Amino acid sequence: MIRKYLSFLTLALLFLMFNHKETEASNQKVNLTLPNGATYYGEVKNNKPHGKGTMNWGPSKVYSGDWYNGQRSGTGKYISDRLPKDMKIVYEGEWRNDRPHGTGIRRESNPELAFQRISKGLFKDHDLISGHAITQSIDSIWFEYLNGSTLLQFSVSDREQADKLIHSKLARGRIQVLNYYKREKSTPDYKGFEYARGMEDYGSSLSEGVYRTGDYEVMELHTGVSQRFEDEEHYRIENYKNGRLVSARDMRENGRFAGIVQGKINNNKHVLQPYLGEFSKLLKAIGNDPEPISCSNSSTSVCEAFPIKFE
């Protein structure tokens with residue numbers, strides 16, 4: 001009986017020693033070179049990145065953070081400054097299955113094109129699914145908030161207008177575009193509006209009613225009224241029902257349509273109020289306007305370069 005007990009105790013001790021060695025091995029930092037040429041320094045398990053470590057894909061791409069069974073999972077930071085179109089991208093936050101997944105912040109920039117974007121919130125794969133974003137380009141600054149049931153978008157012409165608008169709590173500053181959509185429960189429908197006040201009168205438009213997501217996840221008027229500047233003398237009114245145009249007519253402009261759109265913006269800009277605090281933080285982070293360079297005159301245009309995918 002004693003012999004059997006001692007044998008069992010010996011096996012148990014050997015098992016614990018084996019497990020301890022395996023754990024120690026996974027916590028050791030080693031250098032690895034992968035078949036694709038990437039280099040890794042950090043903790044490993046079964047000859048794969050596992051634990052804390054840093055991966056370099058050449059001199060311009062790097063990830064440092066948590067790994068699980070050879071994939072980026074946990075919390076980490078990814079930097080690439082040699083993406084197509086000369087973009088630099090930085091993502092810092094949570095990862096799962098080698099993709100951004102969870103809470104994080106993503107920065108994209110191209111100083112030569114006066115382009116910057118910061119997105120902060122909840123990510124799934126490569127997309128922001130809930131949170132705030134600011135995009136600064138040559139001729140505008142776009143603000144966006146989304147959370148699955150609400151989508152808010154507005155733009156101003158430059159940093160001066162953005163500062164006026166936010167610091168005065170909407171009392172000053174001129175909004176160029178204001179779009180707001182609120183989803184109806186258990187339906188694909190969003191109630192809302194779209195107002196655009198162009199630099200010139202002929203760039204103005206408005207619509208109000210029920211929207212649904214169309215191609216490329218762009219909101220499309222499903223049922224409601226759309227009005228837009230048609231020519232120097234007329235603006236056009238169109239009525240939609242269930243996604244179909246049911247009537248249209250032209251109205252004499254008489255210099256009043258742009259004023260109608262501006263009045264709509266002024267009467268509805270209160271929808272921005274709950275989001276100003278976070279927008280103010282991102283506006284500070286995005287920095288001052290870089291020297292503008294025309295997108296159309298550059299061989300590295302990023303106008304249609306999105307979405308950018310990670311390594």
Side-chain angles (χ1 to χ4, degrees), residues 62-66 68 71-81 83 87-110 115-137 140-156 159 162-163 165-167 169-170 175 177-185 188 190-192 194 211-214 216-219 269-287 302 305-311:
V62 61
Y63 168 86
S64 185
D66 296 329
Y68 182 82
Q71 293 188 329
R72 293 165 284 189
S73 288
T75 302
K77 185 174 184 177
Y78 174 90
I79 302 174
S80 176
D81 61 2
L83 285 168
M87 293 291 293
K88 178 176 181 178
I89 189 166
V90 178
Y91 172 82
E92 186 171 9
E94 296 176 331
W95 295 72
R96 183 189 295 176
N97 299 328
D98 225 27
R99 292 290 186 268
H101 190 105
T103 302
I105 183 166
R106 170 172 165 160
R107 296 176 171 88
E108 303 156 56
S109 63
N110 186 322
F115 176 89
Q116 297 183 74
R117 178 176 171 85
I118 298 180
S119 308
K120 182 181 179 182
L122 188 64
F123 289 81
K124 185 177 181 181
D125 200 359
H126 306 287
D127 300 320
L128 179 69
I129 60 173
S130 179
H132 301 75
I134 291 183
T135 303
Q136 178 176 275
S137 60
S140 66
I141 300 179
W142 272 89
F143 299 78
E144 183 176 36
Y145 170 80
L146 69 162
N147 70 356
S149 62
T150 300
L151 174 59
L152 168 70
Q153 301 166 324
F154 72 98
S155 74
V156 295
R159 183 61 179 264
D163 287 335
L165 188 72
I166 290 177
H167 295 157
K169 296 183 179 180
L170 306 178
I175 297 173
V177 175
L178 177 59
N179 301 332
Y180 182 77
Y181 318 90
K182 187 75 173 178
R183 188 168 191 171
E184 299 282 276
K185 291 183 178 179
Y190 291 77
K191 282 189 175 181
E194 298 178 348
Y211 299 79
R212 289 186 178 180
T213 53
Y216 308 106
E217 299 300 312
V218 174
M219 287 293 185
K269 63 183 180 181
H270 61 86
V271 299
L272 307 179
Q273 195 67 52
Y275 314 103
L276 291 182
E278 194 61 38
F279 283 141
S280 179
K281 294 176 185 178
L282 293 184
L283 191 61
K284 290 179 182 178
I286 211 166
V302 295
F306 295 94
I308 294 174
K309 300 300 182 184
F310 286 85
E311 180 71 39

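Note that the coordinates shown come from a computational prediction; the quantities given were computed from them, not determined experimentally.
- Inter-residue side-chain proximity for Tyr145 and Glu278 is flagged as unmet; no heavy-atom pair is nearer than 4.5 Å.
- Across all their heavy atoms, Phe154 and Ile175 have their closest contact at CB-CG2, 4.4 Å.
- Counting heavy atoms from C-beta outward, Arg99 and His126 have side chains that approach closer than 4.5 Å.
- The environment of CZ in Arg96 is sparse: at most 12 heavy-atom neighbours from other residues, nucleotides or ligands sit within 6.0 Å.
- For Lys269, the NZ atom is densely surrounded, since the number of other residues' heavy atoms within 6.0 Å is greater than 12.
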Practice item. Before giving the answer on side chain to side chain contact (heavy atoms under 4.5 Å, CB included), spell out for Ile79 and Glu92 the whole-Å C-alpha distance, their side-chain angles and the decisive distance to 0.1 Å. Key: CA-CA 9 Å; Ile79 302 174; Glu92 186 171 9; over 6 Å; no

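- At least one donor-acceptor pair closer than 3.5 Å links the side chain of Asn147 to the backbone N or O of Ser149.
- Side-chain atoms of Ser64 never come within 3.5 Å of backbone atoms of Lys77 as a donor-acceptor pair (strictly under, hydrogens ignored).
- Atom CG of residue Asp98 and atom CG of residue Asp125 lie 10.5 Å apart, to the nearest 0.5 angstrom.
- The structure places CD1 of Ile166 at 6.0 Å from CG of Leu276, a figure rounded to the nearest 0.5 Å.
- When every heavy atom of Leu128 is checked against every heavy atom of Ala133, the shortest pair comes out as CD2-CB, 4.3 Å.
- The neighbour count for Tyr68 OH, taken as heavy atoms of other residues, nucleotides or ligands under 6.0 Å away, does not exceed 12.
- Looking at heavy atoms from C-beta onward, Arg117 lies out of side-chain contact with Ile286 at the 4.5 angstrom threshold.
- Atom CZ of Arg107 has 12 or fewer neighbouring heavy atoms from other residues, nucleotides or ligands inside a 6.0 Å radius.
- With contacts defined as side-chain heavy-atom distances shorter than 4.5 Å, the pair Leu283/Arg159 qualifies.
- Tested against Phe143, the residues Leu272, Val156, Leu282 include a single side-chain contact (heavy atoms from CB on, under 4.5 Å) partner, Val156.
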Point to revise | Tyr181 and Gln153: CA distance, side-chain angles, deciding distance, side chain to side chain contact (heavy atoms under 4.5 Å, CB included) verdict | key: CA-CA 9 Å; Tyr181 318 90; Gln153 301 166 324; 4.1 Å; yes

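- Residues Tyr91 and His101 share a closest heavy-atom pair of OH-N, 4.1 Å.
- Here OG of Ser280 is found 11.0 Å from CG of Leu165. Values are rounded to the nearest 0.5 Å.
- Of all the heavy atoms in Phe123 and Ile105, the pair that sits closest is CE1-N, 4.1 Å.
- Taking the charged nitrogens against the carboxylate oxygens, Arg106 and Glu108 do have a contact shorter than 4.0 Å, which makes a salt bridge.
- Atom OG of Ser109 and atom CD1 of Ile118 lie 9.5 Å apart (nearest 0.5 Å).
- Contact detail for Phe279 and Glu144: the closest heavy-atom pair is CE2-O, 3.5 Å.
- Residues Gln273 and Leu170 meet the side-chain proximity criterion, which asks for heavy atoms closer than 4.5 Å.
- The CD atom of Glu194 sits 10.0 Å away from the CG atom of Leu178 when rounded to the nearest 0.5 Å.
- Residues Tyr275 and Leu152 are in side-chain contact: their nearest non-hydrogen atoms beyond the backbone lie under 4.5 Å apart.
- Side-chain atoms of Asn179 and Leu151, non-hydrogen and from C-beta on, never get closer than 4.5 Å to each other.
- In summary, the side chains of Lys182 and Thr150 do present a donor paired with an acceptor at a separation below 3.5 Å, with no hydrogens or angles considered.
- Here the side chains of His132 and Lys281 are not in contact, with every heavy-atom distance at 4.5 Å or above.
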Practice item. Dump the intermediate steps for side chain to side chain contact (heavy atoms under 4.5 Å, CB included) on Val177 and Trp142, then the final yes or no. Key: CA-CA 9 Å; Val177 175; Trp142 272 89; 3.7 Å; yes

